[in-house]
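Here's the structure, in structure tokens; my notes come after.
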Amino acid sequence: MDQGAARRLVAGASRIVGFTGAGISTESGVPDFRSPNGVWARNRIVDFQEFVSSEAGRVEYWRQKVAAWPAMRDAEPNAGHHAFVELHGQGRLEALITQNIDRLHQRSGLPAGAVLELHGATTEAVCLSCGDAIDFDEACRRVEAGETAPRCRPCGGLLKPATVSFGQAMPRDVMTRAEAAAETCDLLLAVGSSLVVEPAASIPRIARRAGACLIIVNRDPTPLDGMADAVLRGEISAVLPGLVHRDG
Ligand code: NAD
């Protein structure tokens with residue numbers, strides 16, 4: 001299907017749900033996971049089990065987070081993020097479900113209530129024992145000052161960024177709201193995701209099974225391409241604004 005036909009599908013939809021992954025933020029300078037210059041080209045995965053059971057794992061995890069933080073903190077939203085703001089302004093964006101942890105959708109102007117963050121956000125570090133939270137900048141400063149795997153000052157528990165690691169439970173209430181949005185939309189627009197991380201990738205499948213159209217915008221193939229009504233390759237900032245913009 002060409003871009004014109006995909007555009008007509010978007011133009012005909014009135015209850016749109018966006019679903020985004022790390023690819024929408026690469027043009028803002030935040031690397032994704034799986035592209036050739038992505039995070040995993042340089043780092044190994046420290047999953048939740050390793051984080052809670054190994055001091056060496058925690059040190060490596062925090063090292064990666066501190067190294068990645070300046071690019072994420074200083075990033076600015078790009079044309080891909082702004083395209084979803086335009087859809088929201090048209091009154092057609094029911095929800096924006098994101099796997100991203102960079103807050104760029106909110107910073108682009110989407111109201112917080114319209115964004116469902118499946119994997120949390122890099123805003124603070126939270127104690128896994130007592131729930132006490134500190135600002136993420138402060139946590140990074142402590143790591144850089146020599147606390148290589150910082151602990152909670154009030155209780156001594158493990159401090160972890162307020163994001164969901166591999167092997168860690170997703171926030172159930174957010175997932176429930178995301179599933180409900182997917183079930184009731186008439187178009188799901190999946191943008192910048194390899195669609196391989198579960199259970200997040202189940203969201204586009206739920207929408208498709210419930211009868212919604214599915215459009216995928218991504219540079220590389222995804223496992224869901226075969227069930228999509230349209231698959232558009234190319235850079236998101238070049239493809240997405242033209243897809244959602246209404247003439248006149
Ligand atoms: P992913 O790395 O698995 O996939 C990203 C996809 O985006 C790739 O298939 C790639 O082809 C595509 N892509 C990258 N830049 C693009 C561009 N400019 N135009 C078009 N396509 C582009 O990411 P994912 O599917 O989100 O899943 C991995 C996990 O990564 C998520 O759970 C998320 O929490 C985490 N993550 C988030 C951030 C962030 O918040 N920005 C960054 C890295 C990882």
Side-chain angles (χ1 to χ4, degrees), residues 3 6 18-48 61 64-84 96-108 110 115-124 136 160-171 174-175 178 188-205 215-225 228 230-244:
Q3 173 132 2
F19 178 87
T20 62
I24 198 169
S25 296
T26 57
E27 292 173 84
S28 295
V30 183
D32 63 6
F33 272 171
R34 291 177 177 78
S35 288
N37 57 348
V39 173
W40 288 347
R42 287 169 279 120
N43 290 302
R44 71 178 183 86
I45 302 171
V46 177
D47 68 12
F48 188 65
Y61 184 86
Q64 294 179 16
K65 288 290 175 184
V66 169
W69 176 230
M72 194 176 287
R73 179 194 57 208
D74 299 339
E76 295 294 337
N78 64 54
H81 301 100
H82 290 301
F84 281 109
L96 189 284
I97 302 166
T98 189
Q99 301 170 87
N100 292 349
I101 56 174
D102 57 27
R103 281 279 155 101
L104 286 177
H105 283 298
Q106 291 92 329
R107 286 176 46 209
S108 70
L110 276 186
V115 183
L116 298 176
E117 291 173 324
L118 297 178
H119 295 159
T122 311
T123 48
E124 44 187 30
F136 200 72
K160 183 179 177 295
T163 53
V164 177
S165 294
F166 285 94
Q168 187 174 7
M170 309 240 300
V174 182
M175 191 63 186
L188 192 132
L189 196 47
V191 178
S193 174
S194 58
L195 299 177
V196 298
V197 177
E198 296 289 351
S202 66
I203 296 293
R205 283 199 304 270
I215 297 179
I216 295 175
V217 180
N218 203 56
R219 190 195 285 148
D220 293 306
T222 84
L224 303 194
D225 288 357
V231 178
L232 300 173
R233 303 243 183 273
E235 295 302 292
I236 291 161
S237 65
V239 174
L240 198 58
L243 205 55
V244 308

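The analysis underlying the following values was restricted to heavy atoms, covering all of them including side chains, and did not include hydrogens, waters or symmetry mates. Counting convention: from 1, in listed order, for ligands and their atoms alike. When a residue number appears, it is its place in the shown sequence, counting from 1. All of these numbers come straight from a predicted model, not from anything done at the bench.
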**Item:** Listed partners of P241 passing side-chain contact (heavy atoms from CB on, under 4.5 Å), at least two apart
**Value:** A79
**Complete:** The closest protein heavy-atom partner of atom 22 (C) of ligand 1 is R219 CB, 3.8 Å
**Item:** Taking atom 12 (C) of ligand 1 as the reference point, the nearest protein heavy atom with its distance
**Value:** N218 OD1, 3.1 Å
**Message:** Between Q3 (side chain only) and L232 (backbone N and O only), is there a donor and an acceptor less than 3.5 Å apart?
**Reply:** no
**Message:** Minimum heavy-atom separation for T26 and P31, please, with both atom names.
**Reply:** CG2-C, 4.4 Å
**Request:** Search all heavy atoms of L118 against all heavy atoms of A200 and return the closest pair with its distance.
**Result:** CD1-CB, 3.7 Å
**Request:** Check ligand 1 against S25 and write out every atom of the ligand that is under 4.0 Å from a heavy-atom position of the residue.
**Result:** 41 (N)
**Fill in**
In this structure, atom 15 (N) of ligand 1 is nearest to the protein heavy atom T26 OG1, 2.8 Å
**Prompt:** So N78 and S237, side-chain hydrogen bond (donor to acceptor under 3.5 Å, both in side chains) or not? Walk me through it.
**Reply:** CA-CA 7 Å; N78 64 54; S237 65; over 6 Å; no
Could you tabulate the donor-acceptor pairs under 3.5 Å formed by side-chain atoms of residues 67-76, not counting sequence neighbours?
from : atom 1 : to   : atom 2 : distance (Å)
W69  : NE1    : D137 : OD1    : 2.9

**Pairwise side-chain contact, L243 with L189, heavy-atom cut-off 4.5 Å (strictly under)** = yes
**Prompt:** Does A22 reach ligand 1 with a nitrogen or oxygen that is under 3.5 Å from one of the ligand's nitrogen or oxygen atoms?
**Reply:** yes
**Fill in**
Atoms of ligand 1 under 4.0 Å from any heavy atom of N100, numbered from 1 in the order shown, are 37 (C), 39 (C), 40 (O)
**Asked** So is there a nitrogen or oxygen of F33 less than 3.5 Å from a nitrogen or oxygen in ligand 1?
**Response** yes
**Min side-chain heavy-atom separation H105-I24 under 4.5 Å** = yes
**Request:** Ignoring angles and geometry beyond distance, decide whether M72 reaches within less than 3.5 Å of ligand 1 through its nitrogen or oxygen atoms.
**Result:** no
**Prompt:** N/O to N/O below 3.5 Å, does that happen between S35 and ligand 1?
**Reply:** no
**Item:** Contacting atoms of ligand 1, where contact means under 4.0 angstrom from a heavy atom of V30
**Value:** 41 (N)
**Asked** So which bit of D102 gets within less than 4.0 Å of ligand 1, heavy atoms only: side chain, backbone, both or neither?
**Response** both
**Prompt:** Should you measure from each heavy atom of R34, which atoms of ligand 1 turn up under 4.0 Å away?
**Reply:** 1 (P), 2 (O), 3 (O), 27 (O), 28 (C)
**Request:** Report the part of E27 (side chain from C-beta onward, or backbone N, CA, C, O) that has a heavy atom under 4.0 Å from ligand 1; answer both or neither where that applies.
**Result:** side chain
**Request:** Quick one: look at Q99 and ligand 1, take heavy-atom pairs under 4.0 Å, and tell me if it's side chain, backbone, both or neither.
**Result:** both
**Asked** How far is atom 14 (C) of ligand 1 from its nearest protein heavy atom, and which residue and atom name does that atom have?
**Response** D32 OD2, 3.2 Å
**ligand 1 to I236 polar contact by distance, N or O atoms, under 3.5 Å** = yes
**Asked** Just by distance, do the side chain of T222 and the backbone of L224 share a donor-acceptor pair under 3.5 Å?
**Response** yes
**Complete:** Scanning both residues in full, the closest heavy-atom pair of L110 with F84 reads CD2-O, 3.9 Å
**Asked** Considering only heavy atoms of G192, which atoms of ligand 1 have at least one such atom less than 4.0 Å away?
**Response** 5 (C), 6 (C), 7 (O)
**Asked** Is the closest heavy-atom distance from G80 to ligand 1 below 4.0 Å?
**Response** no
**Message:** Among all the protein's non-hydrogen atoms, which is closest to atom 4 (O) of ligand 1, and how far away is it?
**Reply:** S194 N, 3.3 Å
**Message:** Test of understanding: given a 4.0 Å heavy-atom threshold, classify the contact between I101 and ligand 1 as side chain, backbone, both, or neither.
**Reply:** both
**Asked** What part of D220, side chain, backbone, both or neither, has a heavy atom within less than 4.0 angstrom of ligand 1?
**Response** both
**ligand 1 atoms in contact with G21 (distance to a heavy atom under 4.0 Å)** = 26 (O)
**Message:** Minimum heavy-atom separation for G192 and I236, please, with both atom names.
**Reply:** CA-CD1, 3.7 Å
**Request:** Could you list the atoms of ligand 1 found under 4.0 angstrom from a heavy atom of P31?
**Result:** 42 (C), 43 (C)
**Asked** Ignoring hydrogens and geometry, is there a side-chain-to-backbone donor-acceptor pair from N218 to S193 under 3.5 Å?
**Response** yes
**Asked** Can you check side-chain hydrogen bond (donor to acceptor under 3.5 Å, both in side chains) on T122 and T163, steps first, answer last?
**Response** CA-CA 6 Å; T122 311; T163 53; 5.3 Å; no
**Item:** G234, G23, A238: member with heavy atom nearest to atom 20 (C) of ligand 1
**Value:** G234
**Prompt:** Are the side chain of Q64 and the backbone N or O of R44 linked by a donor-acceptor pair below 3.5 Å?
**Reply:** yes
**Item:** Atoms in ligand 1 flagged as close to V197, the criterion being non-hydrogen separation under 4.0 Å
**Value:** 27 (O), 28 (C)
